[in-house]
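So the structure is just underneath, and the comments pick up after that.
Quick note: numbers below take in every heavy atom, side chains included, and nothing from hydrogens, waters or symmetry partners. Lettering of chains follows the sequences in order, A, B, ..., and the numbering in each one begins at 1.
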Number of protein chains: 2
Amino acid sequence: MAARDYGQFGGISRALELVGERWALLIVRDLLVGPRRYSELAAGLPRIPSNILATRLKELQAAGVLRRAPYSRVIVYELTPYGRELEPVVLALGAWGFKALGDPRDEQVITPDSITMDLRTAFRPEVAAALPATAYGARLGDEGLLIRVDGERLDVSRGEGPADLAFATGPGILRLMSGDLSPERAIATGVVDVLSGRSDLLVRFANTFHLAA
Amino acid sequence: MAARDYGQFGGISRALELVGERWALLIVRDLLVGPRRYSELAAGLPRIPSNILATRLKELQAAGVLRRAPYSRVIVYELTPYGRELEPVVLALGAWGFKALGDPRDEQVITPDSITMDLRTAFRPEVAAALPATAYGARLGDEGLLIRVDGERLDVSRGEGPADLAFATGPGILRLMSGDLSPERAIATGVVDVLSGRSDLLVRFANTFHLAA
DNA sequence: CCGCATCCCATGTGATACTG
DNA sequence: CAGTATCACATGGGATGCGG
């Protein structure tokens, strides 16, 4: 478990020793959305081997980034205050990587937690502030996401709820946010499948969540 | 060389595919200071094996983060505009890791490039703005660093120059910046060895460059 | 089931040596 | 100087097992 070190004494090398191992920041990303159980983390990171997940959780715990907490009989992993301070790092990384998104490959998935952080990354409060409060219901496979925008506030939660626009979508939704795909074409090509509500609100969605290359 | 992928389609996973491999962000960190030759990068990362350095440089080039540029007969590596956009990521990581710096171990070194980025991370422009322009000369082993603060501007360059305070130091200088070590104790314990100039300016230095846990 | 631990193999990494 | 080549070893990936 000895964190592999870089032989340097500095802030960046120290940070990379603590959270620079493979998968570590993806675990942090999901925990930034909320506390998660072991199996929830595993579900959100479909390709992580179980031994690696277990190892990372122990390392991140030793690093003071997260803690195991017994919540009413079940164990959940949650970020410590210090771990939550990684949010600017994760958002900055997300914004940077967002600009290099190519086309989604077939085996690539998006999970509720990953898209939640992508929404936070791409959220433009200054745009949203000028728009009326809006609730979007996004269906990803069999998971529902309720995205509520009210002024400069953004709230993303799992599950269903009353929405001004409800749609089913997949990885392609990110291409709508990056501007690669117009709202009309997203609907026409089936990347976004409007389930109910005002489909014209998809334009507002694309304006509210936008990060250009 | 196929970047190992995480099987997810999202900004953070994409970023980690491009710059998440071991050593990659440390190379970026040093290149954020300025273009560097292969041997300069190797010197700044004493523990990186040469084959890993060569591999990472190729990967980062393929990722559009840096480019090989022939500058008057010699080859230098420099960040592309897209690579330079990693600066917020590196600074955020540095600020976070800075708070988890323990005591420097004997084998740990600080390099001119690493401390330059640490100085940028810890620089407090709002504090500096209220202070008179000051030049510090820092000697790290056999390398000199000239740190000039003028209002909200910070300029760190290698080499010598006129300084209001010149001192020799080592890894412990970061503990002065984190507040773990007072300026008086830094001088008393030899962590900072004043070579010339007004030693009282070390207090100003510690105030100008400060990042608390 | 959930939360891991074990096993095995492929790949990445590290140290040293070597070359155009 | 700017990298390759080689090889031993550590780590990651995937399947499977297993106790609570």
The contact string for nucleotides 13-20 of chain D, one letter per nucleotide 5' to 3', using protein heavy atoms under 4.0 Å with B, S and - for base, sugar-phosphate only and none, comes out as BBBB----
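- Taking atom OH on Tyr77(A) and atom C1' on dC2(C), their separation rounds to 10 Å, with Å as the unit.
- Judged by the 6.0 Å distance and 45° axis criteria, Arg14(B) is not positioned over the aromatic ring of Tyr6(B).
- Residues Arg68(B) and Tyr77(B) have side chains in contact (heavy-atom distance under 4.5 Å, counting atoms from C-beta outward).
- Between the CD atom of Gln61(A) and the P atom of dG3(C) there is a distance of 14 Å, rounded to whole Å.
- The closest side-chain heavy-atom distance from Phe123(B) to Met177(B) is not below 4.5 Å.
- The pair Glu59(B)-Arg56(B) meets the salt-bridge criterion, since a charged nitrogen lies less than 4.0 angstrom from a carboxylate oxygen.
- As a whole-Å value, the separation of Glu40(B) CD from dG3(D) P is 13 Å.
- Within the structure, a side-chain polar atom (N or O) of Arg68(A) is placed less than 4.0 Å from OP1 or OP2 of dC4(C).
- For the segment residues 29-39 of chain A, the set of residues with a heavy atom within less than 4.0 Å of an atom of DNA chain C comprises Arg37(A), Tyr38(A), Ser39(A), in numerical order.
- Across the protein-nucleic acid pair, Leu57(A) atom CG and dG12(D) atom C1' stand 16 Å apart, rounded to whole Å.
- Picking from dA5(C), dG3(C), dG3(D) the nucleotide with the shortest atom distance to the side chain of Ala54(B) gives dG3(D).
- Salt bridge status for Arg158(A) with Glu143(A): present, with a side-chain N to carboxylate O gap under 4.0 Å.
- The distance between atom CG of Leu41(B) and atom P of dA2(D), rounded to the nearest whole Å, is 10 Å.
- Looking at Arg148(A) and Asp155(A), a side-chain N of the basic residue comes within less than 4.0 Å of a carboxylate O on the acidic one, giving a salt bridge.
- With sequence neighbours left out, Asp180(B) forms a salt bridge (charged side-chain N to carboxylate O under 4.0 Å, His left out) with Arg175(B).
- Just one of Leu140(B), Asp103(B), Ile110(B) meets the side-chain contact (heavy atoms from CB on, under 4.5 Å) condition when paired with Pro171(B); it is Ile110(B).
- A ring-ring contact (aromatic ring centres under 6.0 Å, His included) check over residues 133-169 of chain A, counting only residues at least two apart or in different chains, returns the pairs Tyr136(A)-Phe205(A), Phe167(A)-Phe205(A).
- Ile75(B) comes within 4.0 angstrom of the backbone, heavy atoms only, and of no base.
- Residue-level contact check: Leu53(A) touches neither bases nor backbone, having no heavy atom under 4.0 Å from any strand.
- Partners of Thr121(A) by side-chain contact (heavy atoms from CB on, under 4.5 Å), not counting sequence neighbours, listed by chain and number: Leu91(A), Ala95(A), Leu211(A).
- The CG atom of Leu26(B) sits 12 Å away from the P atom of dG14(C) (whole-angstrom rounding).
- Ion pairing between a basic and an acidic side chain is recognised when a charged N comes within 4.0 Å of a carboxylate O; Arg139(A) and Asp193(A) show no such pairing.
- Under 4.0 angstrom from either OP1 or OP2 of dT4(D) there lies at least one side-chain N or O belonging to Lys58(B).
- Over its length, the helix from dC1(C)-dG20(D) to dG20(C)-dC1(D) turns its helix axis by 30°, as judged from the five terminal pairs at each end, rounded to 10°.
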